[in-house]
Every structure is written in C-alpha cells, then in structure tokens.
Amino acid sequence: MDRRREVRVTADQMVRVTALGTYRRKMDGIAVDLSGRGLRVLLPDPVDLGDALKIELEDTLLLGEVCYCSPREYGYMVGIEVDQVLSGLADLARLNQALFDSTPARVILPVSEQA
C-alpha cells in the first residue's frame, strides 16, 4: 500500500544540482519523479543527509534538503524534500532587464570644496 499524501509524476528530465553542504559542488543529474513536496534525482555522486541542495530545471529553481541517498547501479538515488520553488525565471529576467534599461542614469555631482 502506498502511503504518499501526494501523487508523484514521472519527470525524466535533466537537472543541474548544487550541493550547498560542507563541500559545495555542482553536478548534472536526472529528475526521476516529483510531487508537490519533493522529488527524486539520480546523481553521479553521493550527497550527505540533511544537506541543502539547489536544483535547476528548465525555467525553475528549487531549494530543498536531502532526505535519503542510496546507491544504484548507475549512481545515487537522492530523495529531496522541497522547501522553496521559484518558477518563471525567464520572465523575471526579462522584467529585470526592462527595469534596468528604463532606469535613468545617475548623475554624480562633484562635491564643492569649502574655503
């Protein structure tokens, strides 16, 4: 019997993972499946339980914590509890650029010397 509270969706999508623990490192992996609260990722190297991870996929950035890391034939299956999700990053970048481009240039006036 499956006791999950949320439905898992198969992802099979390339992701870029940054381990933010003691030894910060980046690696490419495959998001195997995901739900509203977490995801499973196949990684080439192990990560420590409790480590914070940044997961980048398409137009989304996820921040989460490692729940488990088990060896598999072709790497390590990592369960991640997702804490934060930022999506629509391309739209945000375009908005940021538009705001930057429309900001008037600052004029710095020289400070007058006192006599």
Side-chain angles (χ1 to χ4, degrees):
M1 178 171 88
D2 193 358
R3 298 183 343 202
R4 297 183 194 277
R5 288 183 258 172
E6 296 182 357
V7 175
R8 287 212 170 255
V9 178
T10 301
D12 194 30
Q13 182 175 357
M14 293 298 295
V15 294
R16 180 76 169 169
V17 176
T18 304
L20 303 172
T22 306
Y23 303 104
R24 179 176 260 198
R25 65 189 185 275
K26 292 183 180 185
M27 60 189 107
D28 292 325
I30 299 172
V32 177
D33 58 36
L34 54 100
S35 72
R37 295 178 184 216
L39 70 152
R40 283 192 315 155
V41 177
L42 183 62
L43 294 176
D45 299 316
V47 289
D48 294 331
L49 295 180
D51 271 1
L53 298 179
K54 175 176 78 170
I55 302 100
E56 301 169 75
L57 61 139
E58 289 185 359
D59 198 28
T60 303
L61 175 75
L62 304 143
L63 299 175
E65 183 177 314
V66 176
C67 297
Y68 66 84
C69 179
S70 5
R72 293 292 189 261
E73 186 176 347
Y74 297 106
Y76 295 84
M77 189 62 69
V78 179
I80 303 162
E81 181 180 3
V82 174
D83 183 52
Q84 301 290 320
V85 177
L86 296 170
S87 59
L89 296 177
D91 291 338
L92 184 60
R94 281 192 293 276
L95 176 61
N96 188 34
Q97 187 62 46
L99 291 172
F100 180 76
D101 290 345
S102 67
T103 303
R106 288 186 174 177
V107 176
I108 300 175
L109 300 174
V111 176
S112 62
E113 294 181 24
Q114 294 181 353

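The chain is numbered in sequence order, starting from 1.
- When every heavy atom of Pro46 is checked against every heavy atom of Cys69, the shortest pair comes out as CA-SG, 3.8 Å.
- For the atom pair CD of Glu65 and CG of Asp48, the computed distance is 11.5 Å after rounding to the nearest 0.5 Å.
- Between Val15 and Ala31, the shortest heavy-atom distance links the atoms CG1-CB, 3.8 Å.
- The shortest heavy-atom contact between Tyr76 and Asp45 is CD1-C, 3.5 Å.
- For the atom pair Asp51 CG and Ile80 CD1, the distance stands at 11.0 Å (nearest 0.5 Å).
- Hydrophobic clustering, with ILVMFWY side chains joined whenever heavy atoms are under 4.5 angstrom apart, groups Leu49 together with Val41.
- Evaluated for a side chain to side chain contact (heavy atoms under 4.5 Å, CB included) with Val82, the options Leu34, Ile55, Leu62 yield exactly one hit, Leu62.
- Contact annotation: the side chain of Val85 approaches that of Thr60 to within less than 4.5 Å [non-hydrogen atoms, C-beta and beyond].
- Taking a 6.0 Å sphere around CG of Asp28, one finds it holds more than 12 heavy atoms contributed by other residues, nucleotides or ligands.
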Would Gln84 and Leu61 satisfy side chain to side chain contact (heavy atoms under 4.5 Å, CB included), going step by step from the backbone distance to the final call? CA-CA 8 Å; Gln84 301 290 320; Leu61 175 75; over 6 Å; no

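- Put simply, the side chain of Asp12 reaches to within 4.5 Å of the side chain of Ile30, judged on heavy atoms.
- The side-chain hydrogen bond (donor to acceptor under 3.5 Å, both in side chains) check on Gln13 picks up Glu58, with sequence neighbours excluded.
- Here the closest heavy-atom approach between residue Tyr68 and residue Arg40 is recorded as OH-CD, 2.9 Å.
- With a 4.5 Å cut-off on side-chain heavy atoms, Val47 and Arg25 count as touching.
- Connection of Leu63 to Leu39 is not established within any shared hydrophobic cluster, with ILVMFWY side chains joined at heavy-atom distances below 4.5 Å, either directly or through further cluster members.
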